[in-house]
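Reminder, nothing fancy here: chain letters follow the sequence lines and each chain counts from 1. Excluded from the calculations below are hydrogen atoms, water molecules and symmetry mates; all remaining heavy atoms, backbone and side chain alike, are included.
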Amino acid sequence: MRFADCAWPPPASPLSRRPAVSFAVLATDSSSAARVGRLDLPHGTVDTPIFMPVGTQGTVKTLHPSEVEQLGAQIILGNTYHLWLRPGHELIRGLGGLHGFSGWQRPILTDSGGFQVWSLAKLRKITEEGVQFRNHLDGSKMLLTPELSMEIQAALGSDIAMLFDECPPYPCEEAYAEKSLALTTRWARRCKDWISANEPRSGDGRQRHFGIVQGSIYPDLRERSARELVALDFDGYAIGGVSVGEPEEEMFRAIDHAVPFLPHDKPRYAMGLGTPPQILEMIGRGVDMFDCVMPTRLARHGMAMTLDGPINIKNQIHATDPRPVCESAHAHVAGFSRAYLRHLFRAGEILGLRLLSFHNLHFYLRLAAGAREAIAAGNYSDYRDSFVRRYTRSAS
RNA sequence: GGGUAGGUGGCCGAGUGGUUAAAGGCGGCAGACUGUAAAUCUGCUCUCAUUGAGUACGCUGGUUCGAAUCCAGCCCUGCCCA
């Protein structure tokens, strides 16, 4: 199975006819820890491994929900922090939750605001109670707590709510990482208490909750964090605190030191990852779910993913190139030349942002679909290796 | 013809005796981006060479130790009046 041979849109997996359970592992790879799974959620089913496009503010930037659907995206992200500040979770609740409000009818995962603890570090103060933010919109002080994060996510009505965590920076002293993960665990307990006291729904329609493993680059801490969260019993587990500036090898190690302590029958989610080769690497290490701003942000900055690595469409070299951006491009984009795409970017035309956003997401989604097919077909290592070999060949 | 304002690096535009190869913007050429304060940010952008040198603020001449900056003449442009 090669990336270029993958059918698009991907066929429904014949493996996915099973009794309704929240998550089922349907196939495993013999040469790696990769597995194919199915995750049943209130708004639909998600085939794993999966890439989840990021739609922080209730929109996958530049794209119409129908286009995101056309891409075959099965689940997208939203962000608690941003939607809380603007337009406010009660407003969204009143307009049909995030699904009704945004027009996206498939599953949504909401991040808890924990990442903003890291990304807005200059504007916040962490206490036992929660995180005091200086609102980046108007500078006013606001307190986000585990309970409030859960309440906001319940109001948004996402299919999966992430627990409120502290994402420590890199590098991070071991003592701080230990303190931080202990806080994340205490917050997880408070999230759980809030959920059991307030979650109105039950059964298949209920919101799922994923814990977030922290512990920076320290193996013992990763293990401890994973064990503590698993003991609290959530619907799935994420590995956080990665892709915060650490070398790639540290990132892989952090995953490896967490995955073995996570249950086989629950989905595993590596937060914020990654480049295409990183995602294939992580799938081989047993991760099921990914999200990353990279395809959409890079698209808006003129970078297009191709089977031969990313290219900067703004570069002069593409000025008269009649070829499509990539031989694997979706028909929606394949009809446009690199020369035209370059022109759109140089002219500041919005269509350029849209076409590359569409293209890069297609590339990522197809990468994941190909991985699912390859795992089911029992040749995942070949798929990964042949993709990475070509993708990185000209990059160096 | 008279008056007046002005001519600065690819373009716009600041500078009005030395710290000016000349602010800033645009344009151009690259780079960065990983649970999105991001259609953003960074670097380079006269010529040649390694430090360094050369050429350059309409043109020509002058004043001065030193001129994009002061003076004279000329050329050109905008506006106003004939």
Side-chain angles (χ1 to χ4, degrees), chain A residues 51-63 75-83 85-86 108-124 133-139 149 153 158 160-168 170 210-214 237-248 250-252 254-255 269-279 281-282 287 289-303 305 310-319 342 344-357 360 364:
Chain A
F51 179 78
M52 306 182 282
V54 177
T56 300
Q57 310 212 55
T59 163
V60 177
K61 290 187 194 296
T62 78
L63 298 181
I75 175 170
I76 65 171
L77 258 68
N79 191 290
T80 297
Y81 172 77
H82 299 264
L83 295 171
L85 296 191
R86 183 171 56 192
I108 295 175
L109 179 151
T110 43
D111 189 23
S112 61
F115 186 68
Q116 278 63 47
V117 177
W118 172 77
S119 66
L120 301 174
K122 292 127 296 203
L123 303 175
R124 52 82 169 144
F133 282 101
R134 196 169 284 278
N135 175 337
H136 75 271
L137 299 176
D138 66 10
S149 176
Q153 294 184 76
S158 52
I160 300 172
M162 300 305 298
L163 300 202
F164 190 62
D165 64 328
E166 189 208 343
C167 181
Y170 177 89
F210 282 24
I212 304 176
V213 176
Q214 290 293 349
Y237 299 92
I239 297 151
V242 284
S243 66
V244 289
E246 76 282 14
E248 191 176 75
E250 295 283 12
M251 186 166 82
F252 291 144
I255 300 288
Y269 164 27
M271 304 191 77
L273 301 182
T275 64
Q278 285 170 351
I279 286 177
E281 185 63 37
M282 297 286 177
V287 178
M289 302 167 69
F290 302 88
D291 78 281
C292 194
V293 303
M294 205 172 257
T296 42
R297 179 183 294 166
L298 291 192
R300 294 193 305 282
H301 296 170
M303 298 292 287
M305 321 305 299
I311 61 169
N312 187 340
I313 202 68
K314 292 182 288 190
N315 284 177
Q316 193 171 43
I317 195 169
H318 306 115
R342 175 170 191 265
L344 291 178
F345 269 87
R346 284 158 47 89
E349 285 293 339
I350 294 168
L351 183 60
L353 312 182
R354 288 176 30 71
L355 290 176
L356 284 198
S357 294
N360 284 350
Y364 267 70

**Q** Going by purine N1 to pyrimidine N3 plus the second Watson-Crick contact, or the G-U wobble pair, all under 3.5 Å, which nucleotide sits opposite U34(B)?
**A**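 Across any shown strand, U34(B) pairs with none.
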**Q** Can you tell me the Watson-Crick or wobble partner of U19(B), both distances under 3.5 angstrom?
**A**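 Paired with U19(B), as far as the under-3.5 Å criterion goes, is no nucleotide at all.
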**Q** What does M251(A) touch in the nucleic acid at a heavy-atom separation under 4.0 angstrom: a base, only the sugar-phosphate, or nothing?
**A**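 It contacts nothing in the nucleic acid.
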**Q** Around L137(A), counting heavy atoms of other residues, nucleotides and ligands shown, do more than 12 lie under 6.0 Å from its CG?
**A**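 Enclosed.
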**Q** Determine the interatomic distance between P on G66(B) and the same-named atom on G62(B); round to the nearest Å.
**A**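 Roughly 12 Å separates the two P atoms.
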**Q** Heavy-atom count check: over 12 atoms from other residues, nucleotides or ligands less than 6.0 Å from I317(A) CD1?
**A**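 No, the 6.0 Å shell around CD1 holds no more than 12 heavy atoms from other groups.
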**Q** For R86(A), report the nucleic acid contact type (base, sugar-phosphate, nothing); a contact means any heavy atom under 4.0 Å.
**A**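 No contact.
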**Q** Base, sugar-phosphate or nothing for I212(A)? Non-hydrogen atoms, less than 4.0 Å.
**A**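 Base, at least one base heavy atom under 4.0 Å.
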**Q** Looking across every strand, which nucleic acid part, if any, lies under 4.0 Å from Q214(A) by heavy atom: base, sugar-phosphate, or nothing?
**A**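 It contacts base atoms.
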**Q** So, do V117(A) and F164(A) sit near enough that their side-chain heavy atoms are less than 4.5 Å apart?
**A**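 A side-chain contact exists here, since the closest heavy-atom pair is under 4.5 Å.
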**Q** Pick the P atom in G2(B) and in G73(B), then give their distance to the nearest Å.
**A**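 Pairwise P distance, G2(B) against G73(B), rounds to 13 Å.
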**Q** How would you label the contact of N79(A) with the nucleic acid (heavy atoms, under 4.0 Å): base, sugar-phosphate, or nothing?
**A**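 N79(A): backbone/sugar contact only, no base atoms under 4.0 Å.
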**Q** Taking the P atom of each, how far is C75(B) from U60(B), in whole Å?
**A**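 Straight-line distance between the two P atoms is 15 Å.
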**Q** What nucleic acid atoms does G78(A) come within less than 4.0 Å of, heavy atoms only: base, sugar-phosphate, or nothing?
**A**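 G78(A): no heavy atom of the nucleic acid under 4.0 Å.
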**Q** Looking only at atom C1', what distance separates G18(B) and C79(B), rounded to whole Å?
**A**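 That atom pair is separated by 36 Å.
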**Q** More 5' along RNA chain B: I317(A) or M294(A), using each one's nearest nucleotide?
**A**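 Nearest-nucleotide comparison on RNA chain B picks I317(A).
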**Q** Which base sits across from U50(B) as a Watson-Crick or G-U pair, both distances under 3.5 Å?
**A**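 Checking every strand shown, U50(B) finds no partner, since no pair has both distances under 3.5 Å.
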**Q** Checking the side chain of R300(A) only, and the main-chain atoms of T296(A) only, is there a donor and an acceptor separated by less than 3.5 Å?
**A**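 Between the backbone of T296(A) and the side chain of R300(A) there is a qualifying donor-acceptor contact (under 3.5 Å).
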**Q** First and last nucleotide of RNA chain B touching chain A, 5' to 3', heavy-atom cut-off 4.0 Å?
**A**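 Range of nucleotides within reach of chain A: G28(B) to U40(B).
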**Q** Rounding to the closest angstrom, what is the interatomic distance between U45(B) and U51(B) at atom C1'?
**A**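 To the nearest whole Å, 22 Å.
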**Q** Evaluate the side-chain proximity of P53(A) to I76(A): yes if any heavy-atom separation is below 4.5 Å, no if none is.
**A**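 Answer yes - side chains close enough.
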**Q** Quick one, M303(A) and M294(A) - any side-chain contact, counting heavy atoms below 4.5 Å?
**A**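 A side-chain contact is absent here, since even the closest heavy-atom pair is not under 4.5 Å.
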**Q** Has R346(A) got a side-chain atom pairing as donor or acceptor with K314(A)'s backbone, closer than 3.5 angstrom?
**A**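 No, the answer is negative, given that no donor and acceptor are paired below the 3.5 Å cut-off.
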**Q** Between U64(B) and G17(B), how far apart are the C1' atoms? Round to whole Å, please.
**A**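 These two C1' atoms come out 9 Å apart once rounded.
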**Q** Write down the partner of U4(B) under the Watson-Crick or G-U wobble criteria, each distance required to be under 3.5 Å.
**A**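 Across all strands, the one nucleotide that pairs with U4(B) is G78(B).
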**Q** Name the residue closer to the 5' end of RNA chain B, choosing between S243(A) and T62(A) according to the nucleotide with the nearest heavy atom.
**A**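 Whichever sits nearer the 5' end wins; that is S243(A).
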**Q** Applying a 4.0 Å non-hydrogen cut-off, can you work out what Q116(A) is touching in the nucleic acid: base, sugar-phosphate, or nothing?
**A**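 The residue Q116(A) makes sugar-phosphate contact but no base contact.
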**Q** Which whole number of Å gives the distance between the P atom of A21(B) and that of A68(B)?
**A**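 Nearest-Å result for A21(B) against A68(B) at atom P: 9 Å.
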**Q** State the pairing partner of C29(B); accept Watson-Crick or G-U wobble contacts with both distances under 3.5 Å, and report none otherwise.
**A**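 For C29(B), the partner nucleotide comes out as G43(B), under the 3.5 Å rule.
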**Q** Please work out if D111(A) contacts a base, only the sugar-phosphate, or nothing of the nucleic acid, heavy-atom cut-off 4.0 Å.
**A**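 Base, at least one base atom sits under 4.0 Å.
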**Q** Please determine, for U60(B), whether a Watson-Crick or G-U wobble partner exists with both distances under 3.5 Å, and give it or none.
**A**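 Because both required distances fall under 3.5 Å, U60(B) counts as paired with A72(B).
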**Q** So, the side chain of Q153(A) versus the backbone of M162(A): is there a donor-acceptor pair under 3.5 Å, distance only?
**A**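 Between the backbone of M162(A) and the side chain of Q153(A) there is a qualifying donor-acceptor contact (under 3.5 Å).
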**Q** Quantified in whole Å, what is the C1' atom distance between nucleotide G61(B) and nucleotide G25(B)?
**A**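 Pairwise C1' distance, G61(B) against G25(B), rounds to 36 Å.
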**Q** What nucleic acid atoms does L123(A) come within less than 4.0 Å of, heavy atoms only: base, sugar-phosphate, or nothing?
**A**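 Here L123(A) touches the bases of the nucleic acid.
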**Q** When the aromatic ring centroids of F133(A) and Y81(A) are compared, is their separation below 6.0 Å?
**A**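 Here the rings of Y81(A) and F133(A) have centres that are less than 6.0 Å from each other.
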